Amino acid sequence: MKFNTKTIHGGQKLDPAYGAVMPPIYQTSTYAQTTPGGHKGFEYSRTHNPTRKALENALASIENGKYGLAFGSGLAAIDAVIKLLKPGDEVISTNDLYGGTYRIFTKIFERFGIKFRFVGMNNADNVERFITDNTKLIWVETPTNPMMNIIDIKAIAQISNKHNLLLAVDNTFATPYLQQPLDLGADIVMHSVTKYIGGHSDLIMGALVVKDDEIADRLYFIQNASGAVCGPQDSFLALRGIKTLHVRMQRHCENGEAIANYLKKHPRIEKVYWPGFEDHPGYEVAKEQMNGFGGMLSFVAKNSDYKEAIKIVENLKIFTLAESLGGVESLAGHPASMTHASIPKEEREKTGVVDSLIRLSVGIEDVDDLILDLEQAIE
Ligand SMILES: Cc1ncc(COP(=O)(O)O)c(C=O)c1O
């Protein structure tokens, strides 16, 4: 099956009870047993739920994996990955990443004796220098949030294979429509399903997809033992989102490109971060490992500061000023005070997350309206 067909049919079966085309919402915590252990494959909904299972199968299919696991949020999915480790283990992570990921790494897991090294990965060779005997996992986010750096997944996978490490890739920004990390050598793909996969800003959810049986077993154990699962209603909504992922992503990419080009030519704009520009340092890798450049971009206005950036985002009328991204509607954010406020200012600024930076999640509205909105807000 090709990708667009998989978004609609991948991992799906007609419901065995009545042939429902969409899996019913099995809003139940438990399942009747005829004798202890005598059940139809489902015992308790923290462990398994048929609606969640349908979603997990769909996620595995669109990421070219074998096993999908859905969680109550993207951070719950990240939490499960780090719980594969033990005190004394070390993680090498992208240095420019979602603020909440940085927060769970440094504020939660460092307290349990796991060490994180935040490393610029634009040059994959840089990673190898940081590997020690205790390194167990490489954590990659690409494109990065919010600086839109591109990391060469294949090159990092070669390093992780050579040293027998796990490689996890946060594929939230790209989605499997644009990039399939398991095919590039990653062991674990992670998603904030909240974003493009859900696609309608109406749920909070996370996911992991893997190919390897043993990693899957260990993660299913953690999913059940820690219990941060998503409910059946949200699983249904996420499944519905997946069915239009390919058409939404196509439009996100078209609109993203139009807005990136508009901003780049604008006399009041200093810098636009979007991996589809030929002069973007990750352009060649992005062209190779992605099927498009996506609808996320960041920019800085000329002579702008914290106050100016806030003024621009407050002036927007069609773009909504809000946390999050990846929904059908366009959103604008101010990373320094919103999504990345949990990263200390000195750390943030090292990677370019300055006070004047604005991040856009370009939606699927008419792009002319979005450009007019940006025009009036910038003027
Ligand atoms: C790249 C990335 N990873 C992970 C997360 C965390 O996901 P969630 O908010 O669903 O917990 C986010 C949220 O913004 C994100 O942007």
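Numbering of ligands and ligand atoms starts at 1, following listing order. All values derive from a computational prediction rather than experimental measurement.
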May I ask you to decide whether [X] forms a salt bridge with [Y], counting only side-chain N to carboxylate O separations under 4.0 Å?
| X | Y | answer |
| --- | --- | --- |
| Lys53 | Glu56 | yes |
| Lys264 | Asp279 | yes |
| Lys211 | Asp187 | no |
| Lys66 | Asp212 | no |
| Arg268 | Glu375 | no |

At a 4.0 Å threshold, what atoms of ligand 1 neighbour a non-hydrogen atom of [X]?
| X | result |
| --- | --- |
| Met205 | 10 (O) |
| Lys195 | 7 (O), 9 (O), 12 (C), 13 (C), 14 (O), 15 (C), 16 (O) |
| Asn145 | 16 (O) |

| query | Which word best sums up how the rings of Phe105 and Trp139 line up, parallel for under 30°, tilted for 30 to 60°, or perpendicular for over 60°? | reply | perpendicular
| Considering distance alone, does some N or O of Gly74 sit under 3.5 Å from an N or O of ligand 1? | yes
What protein heavy atom lies closest to [atom]? Include the residue and the distance to one decimal.
| atom | answer |
| --- | --- |
| atom 7 (O) of ligand 1 | Ser192 OG, 3.0 Å |
| atom 10 (O) of ligand 1 | Thr194 OG1, 2.6 Å |
| atom 15 (C) of ligand 1 | Tyr98 CG, 3.6 Å |

| note | Note: heavy atom closest to atom 2 (C) of ligand 1, options Asp170, Thr339, Leu203, Leu325, belongs to Asp170
| request: Please determine if Lys265 forms a cation-pi arrangement with Tyr262, meaning its NZ or CZ atom is less than 6.0 Å from the six-membered ring centre and no more than 45° off the ring axis. | output: no
| said: Residue-level breakdown please: for Leu75 versus ligand 1, do any non-hydrogen atoms fall below 4.0 Å on the side chain, on the backbone, on both, or on neither? | reply: both
